[in-house]
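Nothing here was measured: the structure is a model prediction, and the numbers come from that model.
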Amino acid sequence: MTNKLAKPYRLAAFKLICLQGIVALIAAVIVFVGWGVNAGQSALAGGAVALLPNFVFVVYAFRYMGASRTNQVYASLKRGNGLKFMLTIVLFALVLKSYTVILLPFFCVYVLVLFSGLFAPVFFNH
């Protein structure tokens with residue numbers, strides 16, 4: 001059961017995830033057009049490795065709000081952060097071991113997607 005107070009914050013966080021997804025797709029298309037299919041796939045994989053753990057964090061972190069639920073808020077933030085960290089490691093290992101990845105577009109799009117969160121206040125009112 002989630003807290004109704006958390007709904008606007010969860011919505012803002014999902015908007016950020018959508019923004020990061022759009023940035024990843026646009027960057028992957030640009031890399032695809034400029035460098036070819038393999039580089040575009042590598043860029044898309046870098047965006048996915050950045051995006052999926054952030055999505056998991058949002059799902060867990062913004063479940064509860066309010067002073068009466070401080071223990072639940074802390075536990076959900078802690079669990080979300082731990083899952084995000086573990087999922088990031090697993091996705092990096094999986095992608096780098098399973099696929100032939102061109103490292104420059106992979107890491108550039110990964111970093112670009114992460115940094116796009118810094119510019120979220122420009123696009124959102126919250």
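Partners of Val56 according to the side chain to side chain contact (heavy atoms under 4.5 Å, CB included) rule, which considers only residues two or more places apart in sequence or in another chain, are Tyr60, Leu83, Leu87. Checked against side chain to side chain contact (heavy atoms under 4.5 Å, CB included), Val111 has the following partners two or more places apart in sequence or in another chain: Phe115. Every residue two or more places apart in sequence or in another chain that forms a ring-ring contact (aromatic ring centres under 6.0 Å, His included) with Phe14 is listed here: Phe55. Gln20 is linked by a side-chain hydrogen bond (donor to acceptor under 3.5 Å, both in side chains) to Asn54, counting only residues two or more places apart in sequence or in another chain.
Taking the six-membered ring where tryptophan is involved, the planes of Tyr110 and Phe106 are essentially parallel, since the angle between them stays under 30° and well short of 60°.
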Donor-acceptor pairs under 3.5 Å, side chain of residues 94-103 to any protein atom, not counting sequence neighbours: which ones?
unit_1, atom_1, unit_2, atom_2, d
Ser98, OG, Leu94, O, 2.9

Please set out all donor-acceptor pairs under 3.5 angstrom arising from side-chain atoms of residues 29-40, sequence neighbours excluded.
none

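Smallest separation of non-hydrogen atoms from Pro53 and Ala48: CD-O, 4.0 Å. Nearest heavy-atom pair across Val113 and Gly47 is CG2-CA, 4.0 Å. When all heavy atoms of Leu19 and Ser116 are compared, the closest pair comes out as CD2-O, 4.0 Å.
In the hydrophobic clustering, where aliphatic and aromatic side chains (Ile, Leu, Val, Met, Phe, Trp, Tyr) are joined below 4.5 Å either directly or transitively, Leu25 groups with Leu44.
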